[in-house]
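Comments concern the structure below.
Below, read A as the first sequence line, B as the second, and so on, with proteins coming before strands; counting in each chain starts at 1.
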Amino acid sequence: MQANGLEASSIDHKPPPPADNRGKHRILAELKRLDQEARFLEEELEELEKTERVSAALQELLLIVESTPDPLLPVTNAPANPSWDRWFEGPQDLHGCKCWIL
Amino acid sequence: MSVAELKERHIAATATVNALRERLKQRRQALLDTDVAGYARSHGKTAICFGSTDLVCCRTLQGHTGKVYSLDWTLERNRIVSASQDGRLIVWNALTSQKTHAIKLHCAWVMTCAFAPNGQSVACGGLDSACSIFNLNSQVDRDGNIPISRILTGHKGYVSSCQFVPDQETRLITSSGDQTCVLWDVTTGQRISVFGGEFPSGHTTDVLSVSINSSNSNMFVSGSCDATARLWDTRIASRAVRTYHGHEGDVNAVKFFPDGQRFGTGSNDGTCRLFDMRTGHQLQIYSQQHGNNDNDVPIATSIAFSISGRLLFAGYSNGDCYAWDTLVAEVVLNLGSLQNSHEGRISCLGLSADGSALCTGSWDKNLKIWAFGGHRRVI
């Protein structure tokens, strides 16, 4: 590369110091990463054009939540499973095994 | 091309990417015509009503001598493995409170543990940057310790989370401080795939949590300090399927919704969120009002859904453990304020396989089991 106003012959033709090349490689790698990210973002934008609004998916969500039996709820759909209550059956030692692992 | 020209191109490329991100954000915002709570309320849904003695602490598992950091249930309902600052894993029968195994770890700085699908092995990982596998049926060595049966090495940073692939005994996924997740073959100890790292669309800083989709075990989601969650297909390591934005702080916890179509997140920004896996939409924010001082907002450390998805349990740094009604986005119970609750931060929690019990682990060194002890109406 010629500096302004200088003859070619007066330019120092020594190769650039290694630090410059490393800097170049780093920036090139970064550029590649940014270009790829831009492509991924464009793909996502295109996909979003065909994506439905939030409300479209919510009916299904409500349906599945309200139809699945859940042992932790005070009111729940059948069938209940008797084993849900095993935590309260039999002799209950609330503090159980107290040995300390040393 | 000179360095100066390259730098100019870099500035232009960065501007392009930022502009695209902004367009994406706005387009997505335009599609958010409602959230779950808005929709549910407009369809007449009201909050779950718990009596004061409905959810009770029915077991306290004592034995660790340090903070509990992680826990996992077996698939066959009653056993739990826990990992603690005391450098040990303990395997518990949660029903009887008995300890069946106590495993002294080579590296005391454990952060995560998991049960294998068949309940015969446990895995753990932490600051040693490796994941150790123990077979619970192994003969103990002369010191009475269970020997390591396999060690998975290759991560260049701490192992923050691990989970066995549900229908494959021999595969495990880890997340790491080295910004990647890895799928391992446990029998050979080899890495099958690395997700993120030098490839673009990976996390840009530490990954803190993983959750595998139980409806489709090829898919898993990861949460990171870069404030995003990312969806991965184990068959395509080269790029994330989708990135989910919204959180304003580290995503400490991710967990798939029971039907595998959505997932929840918990974050340092104090909120939990529900995302739609397929569309990428943020469906709901679960957030409490706090005082003006941002420093007071407790961080969400851990989350789990009840088996129907109606309840989202979230553990926080101040010892609270909220049960959120996921449909109306209200806190319906605070386990942290009940009798016999933990005395410190809730660091981990998980539901038993049949959904009948919640286990919480805490910095108070204990684990607790919570179950429904009230009158249940079955309709």
Side-chain angles (χ1 to χ4, degrees), chain A residues 1 20 23-24 27-28 30-38 40-42 44-45 47-49 51-62 64-81 83-88 92-102, chain B residues 2-3 6-7 9-10 13-14 16-17 20-21 23-24 27-28 31-34 36 39-40 43 48-50 54-55 58-63 65 88 90 95 97-99 102 200-201 259 276 279 281 283 306-311 327 354-357 369 371-374 376-379:
Chain A
M1 188 177 96
D20 276 1
K24 235 178 169 174
I27 301 177
L28 267 167
E30 250 307 285
L31 254 178
K32 224 174 143 179
R33 194 191 65 76
L34 282 168
D35 285 343
Q36 189 158 91
E37 189 168 350
F40 287 165
L41 288 168
E42 274 162 2
E44 197 177 334
L45 260 171
E47 207 183 296
L48 214 48
E49 294 301 316
T51 299
E52 40 201 21
R53 293 167 184 267
V54 167
S55 52
L58 295 182
Q59 186 182 26
E60 187 212 12
L61 172 63
L62 253 57
I64 199 144
V65 167
E66 293 195 305
S67 60
T68 307
D70 190 330
L72 295 180
L73 295 178
V75 182
T76 188
N77 276 2
N81 190 327
S83 70
W84 288 351
D85 297 325
R86 63 188 182 280
W87 305 101
F88 302 100
Q92 253 189 83
D93 180 359
L94 285 182
H95 297 289
C97 167
K98 274 193 187 169
C99 61
W100 295 92
I101 307 293
L102 295 169
Chain B
S2 71
V3 169
L6 280 175
K7 281 184 175 169
R9 273 188 61 186
H10 187 276
T14 306
T16 303
V17 162
L20 281 167
R21 281 198 187 130
R23 269 176 65 196
L24 207 48
R27 179 69 194 127
R28 210 171 260 295
L31 293 172
L32 292 189
D33 55 337
T34 184
V36 176
Y39 185 88
H43 285 72
I48 299 284
C49 188
F50 278 107
D54 277 349
L55 271 190
C58 55
R59 302 286 189 281
T60 297
L61 306 180
Q62 292 180 297
T65 55
R88 284 175 170 81
I90 297 181
L95 201 53
S97 302
Q98 299 300 313
K99 304 171 193 52
S201 87
D259 72 349
D276 186 291
T279 61
H281 291 324
L283 300 177
S306 70
I307 203 165
S308 65
R310 184 66 192 255
L311 298 174
L327 294 188
D354 67 347
S356 65
I369 310 291
F372 187 88
R376 183 188 292 117
R377 198 156 70 90
V378 180
I379 53 176

Shorter than 4.5 Å, heavy atoms on both sides: which option in Ser306(B), Ala40(B), Cys49(B) has the most such pairs with chain A? Ser306(B)
With chain B as the partner, which of Leu31(A), Ile64(A), Leu62(A), Leu72(A) has the greatest number of non-hydrogen pairs under 4.5 Å? Leu72(A)
Hey, which of Asp33(B), Leu311(B), Ile48(B) has the most heavy atom pairs under 4.5 Å with chain A? Asp33(B)
Does some side-chain heavy atom of Thr34(B) sit less than 4.5 Å from a side-chain heavy atom of Leu58(A)? yes
What residue, out of Leu41(A), Thr51(A), Thr76(A), has the most heavy-atom pairs lying under 4.5 Å from chain B? Thr76(A)
Where on Asp35(A) is there a heavy atom nearer than 4.5 Å to chain B: the side chain, the backbone, both, or neither? side chain
Looking at Ser55(A) and Tyr39(B), what are the two nearest heavy atoms and their distance? O-CE1, 4.1 Å
Any chance you could measure Arg376(B), atom CZ, to Asp70(A), atom CG, to the nearest 0.5 Å? 9.0 Å
Honestly, the part of Glu66(A) sitting under 4.5 Å from a heavy atom of chain B is side chain
Can you tell which part of Leu95(B) gets under 4.5 Å to a heavy atom of chain A, answering side chain, backbone, both or neither? both
I'd like to check Leu61(B) versus Lys99(B) (side-chain heavy atoms, cut-off strictly below 4.5 Å). Are they in contact? no
Sort Leu327(B) into side chain, backbone, both or neither according to what part of it lies under 4.5 angstrom from a heavy atom of chain A. side chain
For the interface with chain A, which of Asp54(B), Ile307(B), Ile369(B), Leu24(B) has the highest count of heavy-atom pairs at distances below 4.5 Å? Leu24(B)
Max heavy-atom pairs within cutoff under 4.5 Å with chain A, candidates Ser308(B), Ala13(B), Gly355(B), Ala357(B), goes to Ser308(B)
What part of Leu32(B) is in contact with chain A, defined as an atom under 4.5 angstrom from a non-hydrogen atom: side chain, backbone, both or neither? both
Highest number of heavy-atom pairs under 4.5 Å with chain A among Ile379(B), Val17(B), Thr279(B), Val378(B) belongs to Ile379(B)
Rounded to the nearest 0.5 Å, what separation is found between the CD atom of Glu60(A) and the CG atom of Asp276(B)? 8.5 Å
Which one, Arg23(B), His10(B), Arg310(B), leads in non-hydrogen pairs under 4.5 Å with chain A? His10(B)
State, to 0.1 Å, how close Pro71(A) and Trp84(A) come at their nearest heavy-atom pair, and which atoms those are. CB-CD2, 3.4 Å
So which residue, Asn77(A), Val75(A), Thr68(A), Val54(A), ends up with the most heavy-atom pairs under 4.5 Å with chain B? Val54(A)
Please assess Phe50(B) against Phe372(B) for the test side-chain contact (heavy atoms from CB on, under 4.5 Å), listing each intermediate value before the final yes or no. CA-CA 10 Å; Phe50(B) 278 107; Phe372(B) 187 88; 4.2 Å; yes
Given heavy-atom pairs under 4.5 angstrom as the criterion, report whether the side chain, backbone, both or neither of Glu47(A) touches chain B. side chain
Between Glu37(A) and Arg21(B), is there a side-chain N and carboxylate O pair less than 4.0 Å apart? yes
Heavy-atom closest pair, residues Trp87(A) and Arg59(B): O-NH1, 3.0 Å
When rounded to the nearest 0.5 angstrom, what distance separates CZ in Arg53(A) from NE2 in His281(B)? 9.5 Å
